[in-house]
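I have placed the structure first, in the form of structure tokens, so that the comments after it can refer back to it.
Heads up: numbering here begins at 1 and tracks the sequence.
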Amino acid sequence: CVPILILPLLSSLCQSDDQLTDAKPLSAGDMLVSKGGDFALGFFSPNSSNTSLYLGIWYNSIPGRTVVWTANRDYPIAATSSPMLAITNNSDLVLSDSQGHTRWVVKSGITGVGVTAVLRSSGNFVLQSPNGTSIWQSFDYPTDTILPGMRIYLSKRARVVRRLIAWKGPIDPSTGDFSLGLDPKSNLQFVIWQGTMPYCRLSMLNNESVGSGIYQNTIFTEVVTGTGDGFYYKFLVYEGSPYSRLMLDYMGVFRFLIWNNRSSWATVTEHPASSCDLYASCGPFGYCDSMGTVATCRCLDGFEPAGLNFSSGCRRTKALKCGKPSHFVPLPRMKAPDKFLHVLNRSFDECTTDCSNNCSCTAYSYTNLSSNGAMADQSRCLLWTGELVDTGKYSNYDDNLYLRLANSPVRNNSKLVKIVVPTMACVLILACLLVGIFKYRASKRKKYGIHNGAMLGYLSSSNEIGGEHVDFPFVSFEDISTATNNFSDSKQIGSGGFGKVYKLFHNLG
């Protein structure tokens, strides 16, 4: 075979089927190619020096070399040492150099002949017995990448729990600082770790959950399923879809990538998506608000910034004291804060009571879980005491966080006060104006009514004055017309604002 430097040009001269047998080892320059040609397994150098070689799996039919799995990531072999992958007489899978130093090994536990290793079309490298039973597979030992169909055990009693571990650098496949896996303290949440410290918390497990999405006609599905003694994660895409993968890069970003059928990988989603998503970046009682265009740190209801920025978090506007009145405010679409206490076998009301009866409880959250999952408990009651750290508000979250605040809801809810007080003031002002207008009009009507009453009294035939019945003369229109000679000008003695004035004599007897 030829040196790796000119492997892409002359690969047809080297071994390129999909199986490794005890009679046919793999040397530098050789490749196993899966049926269909999607994946290749062989030796590669991540940089142009070609001084150190690694055994890995990569996409075979796209430009460049996108490595998805590495065997000897922390034990590279010098190119001059003639590395070889072989199935030994003990049916073990061994990677060694020309000096006989073993750099990586898989123990089969099987004696006899007929053990083979095959690179499957899914990208899974499998050591199998003569009858096809899987002895070992690379999918159970991921490095920094999850491929479609790969099942990763997140927690399992009889199995070592796996994590994704990033490369140390862009051209350094060795174990990096960042890893991703299930939080061992709770087994309820995914966490990206930087060393031993949490770097970014992702989602909470809901016992059994299925999430689907679509990107440029590619439908993908994520499944978290309980098996009775643990959880596993599986990532799926429909057959015929473009290449896709999940990868934790050397900078600690977990990405979902899809090949765009041209020359590059497109990022569909990534976590953390902003500096606001980093662990506890908004401080105690602060949260990352991702509902807007730009993610921003804000204070929870009933809190205010403790300093000029959010490095110190937020403080209560009204102190919470044991024995004093308090209430809970529901905050929708919130990521559960970290450092929670998981209380088993609780209903919503019981969860509420547990927190209400403990004056040190600052918040609680409750979620109904699937009845088909691995957990015996079909609910998730989470309680918090002390500070709330690393929470956020996201459009794709459905859970409420019930936050404890001091005093009664009316007195403590500043937003409600800001709305009610101005509204009541406007209503009172409007009411006073209406009352004033009503009284003014009423007084006008009263004056008008008294005036008309007096006029009607004069024109009536009788009235009550001083308790006595007094008769007033009644003058008809006909009498007035006759006395003025049908309103003749000769009888007119003047005129005014109310009309003409006539002089007449009438016999009142």
Side-chain angles (χ1 to χ4, degrees), residues 3-5 7-8 20 26-34 38-60 62-85 93-97 101-106 117 119 122-125 127 136-147 150 152 160 162-181 192-195 199 243-257 259 264-265 267 270:
I4 191 172
L5 204 59
L7 177 65
L20 183 74
L26 188 76
S27 302
D30 294 338
M31 288 193 303
L32 299 184
V33 178
S34 64
D38 290 335
F39 292 95
L41 180 145
F43 294 95
F44 74 95
S45 178
N47 55 41
S48 58
S49 66
N50 292 309
T51 56
S52 299
L53 297 180
Y54 298 85
L55 176 68
I57 300 172
W58 59 85
Y59 288 98
N60 183 55
I62 62 176
R65 178 179 284 125
T66 301
V67 178
V68 297
W69 181 79
T70 308
N72 58 322
R73 62 185 309 179
D74 292 316
Y75 305 99
I77 301 177
T80 57
S81 297
S82 302
M84 178 178 293
L85 179 68
L93 185 63
V94 177
L95 173 63
S96 60
D97 59 22
H101 299 137
T102 298
R103 301 304 178 95
W104 178 79
V105 62
V106 174
L119 180 63
S122 61
N124 191 14
F125 186 45
L127 183 66
W136 173 94
Q137 59 180 359
S138 62
F139 273 14
D140 286 340
Y141 299 86
T143 49
D144 66 336
T145 300
I146 300 176
L147 294 174
M150 181 183 290
I152 299 179
V160 177
R162 303 299 175 190
R163 287 187 181 183
L164 290 187
I165 301 179
W167 284 25
K168 195 167 188 177
I171 57 173
D172 186 355
S174 63
T175 300
D177 295 331
F178 293 97
S179 61
L180 184 150
I192 297 175
W193 306 87
Q194 185 174 20
Y199 180 71
Y243 295 135
S244 58
R245 60 194 174 106
L246 300 171
M247 186 197 71
L248 180 66
D249 70 19
Y250 70 96
M251 298 183 68
V253 180
F254 185 52
R255 289 188 169 93
F256 173 32
L257 301 164
W259 183 252
S264 63
W265 292 93
T267 299
E270 61 180 20

Kindly give the heavy-atom pair with the smallest separation between [X] and [Y], and that separation in Å.
X: Pro83; Y: Ala78; result: CD-O, 4.2 Å
X: Leu53; Y: Ala79; result: CD1-CA, 3.8 Å
X: Arg65; Y: Ser45; result: NH1-O, 4.5 Å
X: Met247; Y: Thr145; result: CG-OG1, 3.8 Å
X: Leu119; Y: Ile57; result: CD1-CD1, 4.0 Å
X: Thr143; Y: Arg73; result: CB-NH1, 3.6 Å

Please report whether the ring centroid of [Y] lies less than 6.0 Å from that of [X].
X: Trp104; Y: Trp136; answer: yes
X: Tyr59; Y: Phe39; answer: yes
X: Phe178; Y: Tyr199; answer: yes

### Message
I'd like to know if Arg255 pairs up with Asp249 as an ion pair, taking the criterion as any Lys NZ or Arg NE/NH1/NH2 lying under 4.0 Å from an Asp or Glu carboxylate oxygen.
### Response
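Asp249 and Arg255: salt-bridged.
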
Rounded at 0.5 Å granularity, tell me how far [atom1] in [X] sits from [atom2] in [Y].
X: Met84; Y: Asp30; atom1: CE; atom2: CG; value: 8.5 Å
X: Thr66; Y: Trp58; atom1: OG1; atom2: CH2; value: 11.5 Å
X: Leu127; Y: Leu20; atom1: CG; atom2: CG; value: 9.0 Å
X: Ser96; Y: Asn72; atom1: OG; atom2: CG; value: 11.0 Å
X: Ile192; Y: Leu248; atom1: CD1; atom2: CG; value: 5.5 Å
X: Met150; Y: Ser138; atom1: CE; atom2: OG; value: 6.5 Å

### Task
Take Phe256 and Thr267, measure what side chain to side chain contact (heavy atoms under 4.5 Å, CB included) needs, and give me the verdict at the end.
CA-CA 6 Å; Phe256 173 32; Thr267 299; over 6 Å; no

### Query
Judged by modelled atom types alone, do Asp177 and Gln194 share a side-chain donor-acceptor pair under 3.5 Å?
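The criterion, which ignores hydrogens and geometry beyond distance, is not satisfied for Gln194 and Asp177.
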
### Message
Is it true that Asp74 and Ser174 share a donor-acceptor pair across their side chains at a distance under 3.5 Å?
### Response
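Short answer, no.
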
### Query
Partners of Trp259 by ring-ring contact (aromatic ring centres under 6.0 Å, His included), sequence neighbours excluded?
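In terms of ring-ring contact (aromatic ring centres under 6.0 Å, His included), with neighbours along the sequence ignored, Trp259 is linked to Trp265.
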
### Task
Over 60° means perpendicular and under 30° means parallel, so classify the ring planes of Trp69 and Phe125, tilted if in between.
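Answer is tilted, since the angle falls between 30° and 60°.
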
#### Entry: Criterion side chain to side chain contact (heavy atoms under 4.5 Å, CB included) on Asp97 and Arg103, from CA distance to verdict
CA-CA 8 Å; Asp97 59 22; Arg103 301 304 178 95; 3.1 Å; yes

### Message
Pair Trp193, Arg163 - check side chain to side chain contact (heavy atoms under 4.5 Å, CB included), show working.
### Response
CA-CA 10 Å; Trp193 306 87; Arg163 287 187 181 183; 3.5 Å; yes

### Query
Any side-chain heavy atom of Leu41 within less than 4.5 Å of one from Leu26?
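They are in contact (side-chain heavy atoms under 4.5 Å apart), so the answer is yes.
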
### Message
Closer than 3.5 angstrom, by distance alone: can the side chain of Asn124 be matched with the main-chain N or O of Phe139 as a donor-acceptor pair?
### Response
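The answer is yes, because a donor-acceptor pair under 3.5 Å joins these two groups.
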
### Query
For Tyr250 and Asp144, what are the C-alpha separation, side-chain angles and deciding distance, and is it a side chain to side chain donor-acceptor pair (under 3.5 Å)?
CA-CA 9 Å; Tyr250 70 96; Asp144 66 336; over 6 Å; no

### Task
Please lay out, stage by stage, how Ile152 and Ile146 fare under the test side chain to side chain contact (heavy atoms under 4.5 Å, CB included).
CA-CA 8 Å; Ile152 299 179; Ile146 300 176; 3.4 Å; yes

